[in-house]
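I have placed the structure first, in the form of structure tokens, so that the comments after it can refer back to it.
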Amino acid sequence: MKQTIETLILQAVDTLKANGDLDINTLPAVTIERSRDAQHGDFATNLALILAKTAKTNPRQLAEKILAALPAHDAVTKVELAGPGFINFFINPAAQYAIINTIHEQGRDFGLSTIGAGKKVQVEFVSANPTGPLHVGHGRGAAYGSVVADLLQAAGFDVEREYYVNDAGRQMDILATSVWLRYLEECGEVFVFPSNGYRGDYVRDIAAKIHKNSATAYHQPIAAVLDNIPADEPQGGDKELHIDALIDRAKTLLGLENYRAVFQVGLHDILEDIKADLSEFGVNYQHWFSEQQLVDDGSVEKALNRLRDGGHLYEKDGATWFASSELGDEKDRVVVRENGQYTYFASDIAYHHHKLERGFDQLIDVWGADHHGYIPRVRAAMRALGADDSKLTVLLVQFATLWRDGVKQQMGTRSGNFITLRQLRNEVGKDAARFFYAMRRSEQHMDFDLNLAVSKTNENPVFYVQYAYARVCSVLRQLDEKGFQRNLQLGMDNLTLLSAEHEIALLGTLARYAEALEKAALQHEPHLLINYLRDLAHEFHTYYNAHQFLVEDAPLRDARLNLVCAVKQVLANGLGLLNITTPETM
RNA sequence: GGGGUUAUAGCUCAGCUGGAUAGAGCAUCGGCCUUCUAAGCCGAGGGUCGCAGGUUCGAAUCCUGCUAAUCCCGCCA
């Protein structure tokens, strides 16, 4: 319909140009918007207001000329000049009835778009360090990233979802050492646990499991472990030096093979927990990509060599630096430390290099907003690798601030004092959690009030949308009980009976679904889809209260049922995309 | 000090690639269940869109400055 109007307008403009009534060389993009107010018709364009400046005329006069030159069309019943120079289009309701047939025919596919044209897009999200269970902060990235991926797929992109597993590096060594120390406690040793170790109960669980399966195979007397270790912070020392010394001691006493064994049990158990957690949350991946693999298979070396060949690396203070400041970063970055170890950034360069080589047209990284300063250096790396950095889109998700009993909650993984995503799901359910997370713009700071989420579950807006769906299902169930038989064709033949204000409004909203979906996908803004579904649910509830569907008049009844079933289908499609269930009874 | 994000109703947030009277939910107040599910509907009150300038036919939206909140600025990841 939008395109029809655009064609009409372009024809009018051409006529005016031919007549010499309009003196312009280039036509700005014609914007046609759905009118918010029904008094302003169904669609409106501000073309005359925009053109007035370049054509140097009064906008209203120009609008009148356009109006006069506008060809007639069956679907357009009335065109009006309004306000400072808007042109309002009133659409023939009959033309809008077709949407019900379309929805019925396309079913689950209704609303899907081909605008993505099969372009390969990779969405990488969550990618939390496997040092502990996911907490509610990760939940937002999980919900947001997965919906963005699903939306892009619905918009016709070829989407791959990936989780980058940071299974290399110091954090994992701290985890492995924490597990081992808890294991020593299982063996009966008594000592003060390092302040910088992972203190969560899940570490004890893993340690207990190792103790159960391997008894005392990894046991070392605590005196040998702590011998000559620098003091921890609470004892007046440095917590970083303390934990690093313990890591080295663990490797020495256990031997590399046994150390790896403990390490792998910790990594495996936590990763399996994360996978199960996300899966239960409706978040699924095509790939779990290991950072360690990049190191092992030489990808990091390969990427760094490429940078070196391009003259982007130099040595200073015993370390190897990447001259990222020459490519837009604020300063140069270390890629190989003085001690010979790669930095996290080095593997990240290799990781993005690897992504590029896999042939994606577009890379989307979903990061926590605290990583925003990291963007310029990754872009610099991509350019240094000879790639087009516009292929990379980084979507930042602001952290949710968690409140309980009016008190801000801490969310440190290290302290073990945090609320897990699993706890949240158990408390409010998958549907409400997903809906709640995706409801807000990702750049918006979010206050997550746990008391509200738990105690006022019934007021969560997700139920409002689900309730609309359940109501349609209920109507369909009542059909039999009332002794009616639905006749689909009779309804389709009598759609013009749907002339009530609420019915016309619903038709317009149904027709808007595909646009809402496409916009949400292209702008990476899931909340636009949620807003749409809330609008649709609201209009349905209003309609439901204003009119009886199961009336004696069969043609009217079947027409209304067809409309209501179209609503049901669109609700199902939208909620399905969000991976939120559609209960038939509530 | 530099940078990112945010600031809209009592609360939580939409609206932001400039458009017509700034919206929703919750909360408050008043109506609607012998009739398809009241987890719903209808109505009322509630706003100097953080502040000050600027751009123009028109600014919550764009620009500049300021204020406040928050995050980042490591040879950690």
Side-chain angles (χ1 to χ4, degrees), chain A residues 29 31 33 35-37 39-40 44-46 49-50 52-53 58-60 82-86 88 127-129 131 166 168-172 174 240 291 316-321 330-331 333-348 368-376 396 398-399 401 436 439-449 452 456-468 470-479 481-482 484 523 527-528 530-531 534-535 537-538 540-551 557 560-561 564 585-586:
Chain A
T31 58
E33 296 186 322
S35 309
R36 261 183 252 158
D37 190 334
Q39 286 185 346
H40 299 138
T45 182
N46 61 353
L49 292 163
I50 307 245
K53 203 173 290 176
N58 176 308
R60 266 192 85 98
F86 289 100
N88 293 334
S127 300
N129 288 346
T131 53
N166 296 126
R170 179 164 174 265
Q171 299 304 323
M172 286 306 297
I174 295 177
E240 306 290 351
E291 178 188 359
K316 191 180 104 185
D317 301 334
T320 304
W321 296 70
E330 64 183 47
K331 58 182 176 184
R333 310 289 174 178
V334 170
V335 286
V336 185
R337 280 181 264 164
E338 198 176 356
N339 65 10
Q341 289 189 319
Y342 296 127
T343 59
Y344 171 84
F345 181 45
S347 15
D348 227 23
D370 55 337
H371 286 73
H372 83 268
Y374 204 76
I375 299 172
L396 296 178
Q398 292 287 340
F399 274 133
T401 310
F436 203 89
M439 223 167 72
R440 276 74 184 277
R441 237 169 66 242
S442 61
E443 313 90 69
Q444 179 69 259
H445 291 274
M446 179 172 160
D447 281 324
F448 205 119
D449 185 334
L452 192 73
K456 301 204 171 184
T457 302
N458 286 351
E459 288 166 11
N460 196 302
V462 66
F463 292 101
Y464 184 78
V465 179
Q466 288 178 321
Y467 185 46
R471 268 184 155 172
V472 179
C473 295
S474 176
V475 169
L476 295 175
R477 280 192 301 272
Q478 291 284 325
L479 201 58
E481 293 173 27
K482 296 208 169 189
F484 293 127
Q523 295 186 192
H527 75 278
L528 295 178
I530 291 201
N531 286 349
R534 293 171 78 168
D535 284 349
H538 175 248
F540 170 77
H541 285 309
T542 301
Y543 179 40
Y544 180 94
N545 274 273
H547 295 278
Q548 189 83 11
F549 308 152
L550 299 177
V551 292
R557 182 178 69 235
R560 285 184 171 168
L561 285 174
V564 157
T585 58
M586 288 178 73

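Just so it is clear: chains get the letters A, B, ... in the order the sequence lines come, proteins before strands, and each one is counted from 1.
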Looking at the side chain of A:Asp370, which of B:C42, B:C72, B:C36 is the nearest nucleotide?
-> B:C72
Testing B:U5, B:A77, B:C72 for proximity to the side chain of A:Gln398, the answer is B:U5
Rounded interatomic separation in angstrom, taking CZ from A:Phe345 and C1' from B:C76 = 15 Å
Separation between the C1' atoms of B:A69 and B:G19, rounded to whole Å | 32 Å
Closest listed nucleotide, where the reference is the side chain of A:Asn545 and the choices are B:A20, B:U37, B:C41 = B:C41
Under 3.5 Å, is there a donor-acceptor pair between the A:Thr131 and A:Gln171 side chains?
-> no
What does A:Glu443 touch in the nucleic acid at a heavy-atom separation under 4.0 angstrom: a base, only the sugar-phosphate, or nothing?
-> sugar-phosphate
Rounded to whole angstrom units, what separation is found between the CD atom of A:Glu330 and the P atom of B:G2?
-> 13 Å
Inter-nucleotide C1' distance (B:G50, B:C57), Å rounded = 28 Å
Are the ring of A:Phe86 and the six-membered base ring of B:A20 within the stacking cut-offs of under 5.5 Å and under 30°?
-> yes
Is the distance from OP1 or OP2 of B:C41 to the nearest side-chain N or O of A:Tyr467 less than 4.0 Å?
-> no
Which part of the nucleic acid does A:Ala128 contact within heavy-atom distance under 4.0 Å: base, sugar-phosphate only, or nothing?
-> nothing
A:Phe540 ring centre to A:Arg471 NZ or CZ under 6.0 Å, with the angle to the axis within 45°?
-> no
With rounding to whole Å, what would you report as the distance between B:G25 and B:U5 at their P atoms?
-> 31 Å
With both distances under 3.5 angstrom, what nucleotide forms a Watson-Crick or G-U wobble pair with B:A7?
-> B:U67
Per-nucleotide protein contact along nucleotides 10-16 of chain B, 5' to 3', at a 4.0 Å heavy-atom cut-off (B base, S sugar-phosphate only, - neither), is --SSSSB
Tell me what A:Asn129 touches on the nucleic acid: a base, only sugar-phosphate, or nothing, going by heavy atoms under 4.0 Å.
-> sugar-phosphate
Using both distances under 3.5 Å as the test, list the Watson-Crick or G-U wobble partner of B:C32, or none.
-> B:G40
Has the side chain of A:Asp348 got a donor or acceptor that lies under 3.5 Å from a partner of the other kind on the base of B:A77?
-> no
When you measure from the side chain of A:His538, which nucleotide among B:A77, B:C75, B:C41 comes out closest?
-> B:C41
Out of B:A77, B:C72, B:C41, which nucleotide sits closest to the side chain of A:His372?
-> B:C72
Less than 5.5 Å between centroids and less than 30° between ring planes, does A:His371 satisfy that with B:A77?
-> yes
What's the base orientation of B:C71: syn (chi within 90° of 0) or anti?
-> anti
Sugar-phosphate only, base, or nothing, as touched by A:Tyr464 at under 4.0 Å among non-hydrogen atoms | sugar-phosphate
